Amino acid sequence: VPDVIVHLTNDYRILWVNRAARQMFKLAEDSRSYQGRHCHEVFWSRPEQCADCPIVRCASTECNEIGFLSPAHNGQEFEIRAIPMRNQAGEIGSIIEIARDITAHRKLEEQFRQAQKMESIGTLAGGIAHDFNNILSAILGYGDLALEDMAEDHPARKSVQTMIEAGMRASHLTKDLLLFSRKQVSQKEAVDINQIIGRIEKFIRRIIGEDILCQTHLAKESLVIHADSHQMDQVLMNFATNARDAMPGGGVFSITTERIRIDQDFIDLHGFGIPGPYARITVADTGKGMNPQTVAKIFDPFFTTKEMGKGTGLGLAVVYGIIKQHQGHIEVTSTPGKCTVRSEEHTSELQSHSFI
Ligand code: ADP
Ligand code: MG
């Protein structure tokens, strides 16, 4: 039985444990090392009962109890069921505990919630973007017509030109929105991701400017994936833009590619993935990094920490949408404030986003 099963006295002392419990809590084969001792002490090295433990509740309510505990402080979560066992007189003689590690389950739930949130905002944004784009077409079209009718030295010419430029910027923004809301179909073909990076590198250098060093560490072998190369370009450009914004004083931006294989160990560790060969692209920069609250939100549409007019909060939402469309996965790690990079070394990777 893979679930942890423990038989306890009604004052929470261990009578018997199954093999899964011995493995999970690394107990000795010899039952004398834990028999008769309190469960919180043996399992969690705690002097007192865990707060809100269903076993404790079960002892007082005399009913089946269920609860979710994270007693280990390592992100692990357990679903614990406690079932009272009665003796012939009908009193509770002992308690059966059944515990299941639901950490991976919770991670999946979290991903599902995120996917749902993205989808609903995507639908909303896509709907607005579509209508908005139609209005913009009229503004831009009539702007052009007005310009055509104006003499070269007409005093309003400059104003109309500025209006058209602003309209174009709005149009780019709606393209981003449409991309994010998956209304644009991607055209996938077999492409070598190393070649894509090689081709776009010079544009990236232009985006990040001269103060930031762009390093690429590409896999020796070609990494052919089924992808829309324009969308891949977009992903890389969005990363580069963010890296530039994170390093106003200069630094290093790096792109690494490698071939990896997703196996069961990987899936257990990350809580996602379908086994098979994948291309992994890791981008890292030596910028100011992010705190955990920011990390938790960066893929949310419209989430930005930048001042008004600077950030739209769509860059990484678009990236997220594209990666999902490619049956990929994306992850981010970051440590804020550890900006102790020695520029001559250019080695430390303060933070990285990797997508597979
Ligand atoms: P925007 O760039 O318009 O703010 P994004 O979706 O591209 O929107 O990014 C969302 C937020 O994630 C940014 O406002 C910033 O706080 C954070 N972020 C993204 N990339 C980085 C990075 N490389 N370094 C630090 N923070 C970042
Ligand atoms: Mg951005």
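We number each residue from 1, following the sequence as shown. In each ligand, atom 1 is the first atom listed, and ligand 1 is the first ligand listed. If you're wondering where the values come from, they're calculated on a predicted model, not measured in any experiment.
- An N or O contact shorter than 3.5 Å is missing between Thr294 and ligand 1 by distance.
- Counting heavy atoms from C-beta outward, Leu316 and Phe239 have side chains that approach closer than 4.5 Å.
- Using 4.0 Å as the threshold, Asn238 has no heavy atom nearer than that to any atom of ligand 1.
- Applying the 6.0 Å contact sphere to CG of Leu145 captures more than 12 heavy atoms from other residues, nucleotides or ligands.
- Of the heavy atoms in Asp245, none comes closer than 4.0 Å to ligand 1.
- Around CZ of Phe303, the count of heavy atoms belonging to other residues, nucleotides or ligands within 6.0 Å exceeds 12.
- No more than 12 heavy atoms of other residues, nucleotides or ligands lie within 6.0 Å of CE in Met168, so this atom counts as exposed by the packing criterion.
- Using a 4.0 Å cut-off to heavy atoms of Asp285, the atoms of ligand 1 that qualify are 22 (C), 23 (N).
- Counting only heavy atoms from C-beta outward, the side chains of His105 and Arg100 never approach each other to under 4.5 Å.
- The shortest heavy-atom distance from Gly287 to ligand 1 is not under 4.0 Å.
- Using the six-membered ring where Trp is involved, Phe25 and Trp44 have ring planes that are perpendicular, over 60° apart on the 30 and 60° scheme.
- Atoms of ligand 1 found under 4.0 Å from any heavy atom of Ala246, numbered from 1 in the order shown, are 22 (C), 24 (N), 25 (C).
- Atoms of ligand 1 found under 4.0 Å from any heavy atom of Thr312, numbered from 1 in the order shown, are 3 (O).
- Look at Glu258 and Arg280 and you find a salt bridge, because one of the NZ, NE, NH1 or NH2 atoms lies within 4.0 Å of a carboxylate O, short of that distance.
- Near Ile298, meaning under 4.0 Å from one of its heavy atoms, ligand 1 places the atoms 6 (O), 12 (O), 17 (C).
- Here Arg32 pairs with Asp30 in a salt bridge; the nearest charged N to carboxylate O distance falls below 4.0 Å.
- At a 3.5 angstrom cut-off on N or O pairs, Gly311 does not count as close to ligand 1.
- Ion pair Arg106/Glu110 not flagged as a salt bridge, since none of the NZ, NE, NH1 or NH2 atoms sits closer than 4.0 Å to an Asp/Glu carboxylate oxygen.
- Near Thr304, meaning under 4.0 Å from one of its heavy atoms, ligand 1 places the atoms 1 (P), 4 (O), 14 (O).
- Residue Met290 holds the heavy atom nearest to atom 25 (C) of ligand 1 of all those in Met290, Arg244, Lys288.
- The Mg ion (ligand 2) lies under 2.8 Å from an N, O or S atom belonging to Asn242.
- Looking at Gly313, Ala240, Ser334 and measuring to atom 1 (P) of ligand 1, the nearest heavy atom belongs to Gly313.
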